[in-house]
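Computed from a predicted model, the values in this text were never measured in an experiment. Just so it is clear, the values below take in all heavy atoms, side chains as well, and ignore hydrogens, waters and symmetry mates.
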Amino acid sequence: MSTPPAPAPLLIACALGIERLALRSGDRNGAGGPVTVLRTGMGPEAAEVSTTRVLAHPELAGAAVLATGFCAGLAPGMHPGDLVVAEETRHPRGTVRCVGTDLLVEELVRAVPGRTVHTGPLTGSDHVVRGHERAELLATGAIAVDMESAATLLSAVRAGKRPVAAVRVVVDAPQHELVRIGTVRGGISAFRVLRSVLPAFYEWHRSLLLPRR
């Protein structure tokens with residue numbers, strides 16, 4: 001009798017130590033396979049280098065990749081603690097379509113009840129976006145921006161065929177910029193949300209392991 005193949009691993013990538021802390025303090029039960037939480041470092045170049053290096057390890061061959069952490073919301077009405085599920089990520093070198101967006105939305109609503117979940121394009125930047133740049137990016141159709149997701153997913157798909165996704169928590173929004181009073185409150189709210197999302201990530205990962213009909 002042949003041994004069934006091992007479950008495909010899941011790589012969860014974030015940039016900051018505070019993001020990794022939130023993810024590590026969350027529930028680690030119920031994953032569909034081995035889980036690695038990678039801190040890439042800040043910025044697209046660091047994300048690209050770290051993701052490419054880690055996915056070269058044989059034990060992560062074929063791993064699903066999910067980029068997460070904090071982001072800046074671009075659309076009016078967004079608030080710290082809102083969630084963004086990317087339909088695609090946009091990088092100057094290419095756009096990457098995400099897998100399982102609807103399922104992620106459904107599971108996030110269950111994991112973090114009462115939080116608003118936005119879906120749409122997530123664009124990359126090499127710096128913190130403020131002021132008029134928000135309106136310019138919003139005009140392209142993007143609903144949120146961060147510095148690492150697009151580079152992470154582009155590097156992931158270039159390293160081999162695999163499912164990818166990006167889920168970000170809004171910490172900074174048009175009416176709640178980081179430079180304004182209330183940043184600490186918004187940051188705490190975003191941290192608490194990020195700490196609660198792992199069950200949704202695991203359900204997404206498990207769904208990838210199910211046989212397709």
Side-chain angles (χ1 to χ4, degrees), residues 7-15 19 22-23 26 30-33 35 37-38 47 51 55 62-75 77-79 81-91 94-125 137-138 140-171 173 190 193-213:
L10 170 63
L11 177 66
I12 301 174
C14 60
E19 295 167 338
L23 293 165
V35 178
V37 177
L38 169 69
T51 303
L55 290 177
V65 175
L66 194 151
T68 193
F70 304 134
C71 72
L74 299 174
M78 282 184 158
H79 297 89
D82 285 2
L83 286 148
V84 172
V85 178
E87 294 175 339
E88 65 182 30
T89 57
R90 297 176 176 178
H91 186 280
T95 295
V96 176
R97 293 290 301 177
C98 295
V99 174
T101 299
D102 291 343
L103 175 65
L104 274 169
V105 171
E106 178 182 333
E107 293 300 332
L108 287 166
V109 168
R110 181 176 292 114
V112 197
R115 291 291 177 180
T116 302
V117 182
H118 307 268
T119 60
L122 175 62
T123 195
S125 174
L137 291 175
L138 180 63
T140 70
I143 63 167
V145 57
D146 75 86
M147 292 193 286
E148 296 84 25
S149 292
T152 296
L153 297 199
L154 186 61
S155 300
V157 297
R158 287 184 170 181
K161 187 175 181 181
R162 67 188 74 247
V164 296
V167 176
R168 289 276 169 169
V169 183
V170 174
V171 71
V193 172
L194 186 58
R195 189 173 57 187
S196 303
V197 297
L198 279 175
F201 295 174
Y202 295 158
E203 285 300 322
W204 174 79
H205 184 220
R206 270 200 295 271
S207 77
L208 304 175
L209 307 177
L210 297 175
R212 296 289 184 259
R213 294 184 178 181

* Main-chain N/O of V99 paired with W204 side-chain donor or acceptor, under 3.5 Å -> yes
* Examine distances only and state if a side-chain atom of R162 and a backbone atom of V157 form a donor-acceptor pair shorter than 3.5 Å. => no
* Heavy-atom pair of closest approach, residues A144 and L74 -> N-CD1, 3.6 Å
* Hey, could you give me the CD/CG distance between E88 and L153, rounded to the nearest 0.5 Å? => 11.0 Å
* To do: Provide the closest heavy-atom pair for F201 versus I12 in the form atom of the first, atom of the second, distance.
  => CD1-CD1, 4.1 Å
* Structure fact -> To the nearest 0.5 Å, atom CG of L122 lies from atom OG1 of T89 at 6.5 Å
* To do: Could you tell me which non-hydrogen atom of H91 sits nearest to which non-hydrogen atom of L154, and how far apart they are?
  => ND1-CD2, 3.6 Å
* Nearest 0.5 Å, what's the OG-CD distance between S207 and E106? -> 10.0 Å
* **Test item: T68 side-chain N/O and V167 main-chain N/O as donor-acceptor pair under 3.5 Å** => yes
* Just how far is it from atom OH of Y202 to atom CG of L66, taken to the nearest 0.5 Å? -> 11.0 Å
* Do side-chain atoms of H118 reach the backbone of T116 as a donor and acceptor pair under 3.5 angstrom? -> no
* Atom pair CG (L208) and CG (L103), whose distance is rounded to the nearest 0.5 Å -> 8.5 Å
* Asked: Taking side chain as C-beta onward, heavy atoms only, is T119 less than 4.5 Å from V105?
  -> yes
* What's the spacing between L194 CG and F70 CZ if we round to 0.5 Å? -> 5.0 Å
* Asked: Closest approach of G69 and E19, non-hydrogen atoms and distance?
  -> CA-OE2, 3.4 Å
* **Contact check, side chains of V171 and C71, non-hydrogen atoms, under 4.5 Å** => no
* Sub-4.5 Å side-chain heavy-atom contact between S149 and R168 -> yes
* Asked: Hey, are the side chains of V117 and D82 touching, using non-hydrogen atoms and a 4.5 Å cut-off?
  -> no
* Would E148 and T51 satisfy side-chain contact (heavy atoms from CB on, under 4.5 Å), going step by step from the backbone distance to the final call? -> CA-CA 10 Å; E148 296 84 25; T51 303; over 6 Å; no
* Do you know which of V193, V169, V197 makes side chain to side chain contact (heavy atoms under 4.5 Å, CB included) with R115? -> V193
* Should L23 and R195 count as side-chain neighbours, where that means a heavy-atom distance under 4.5 Å? -> no
* Structure fact -> Nearest heavy-atom contact between A86 and C98 is O-CB, 3.3 Å
* Nearest heavy atoms of M78 and I143, plus distance in Å -> CE-O, 3.3 Å
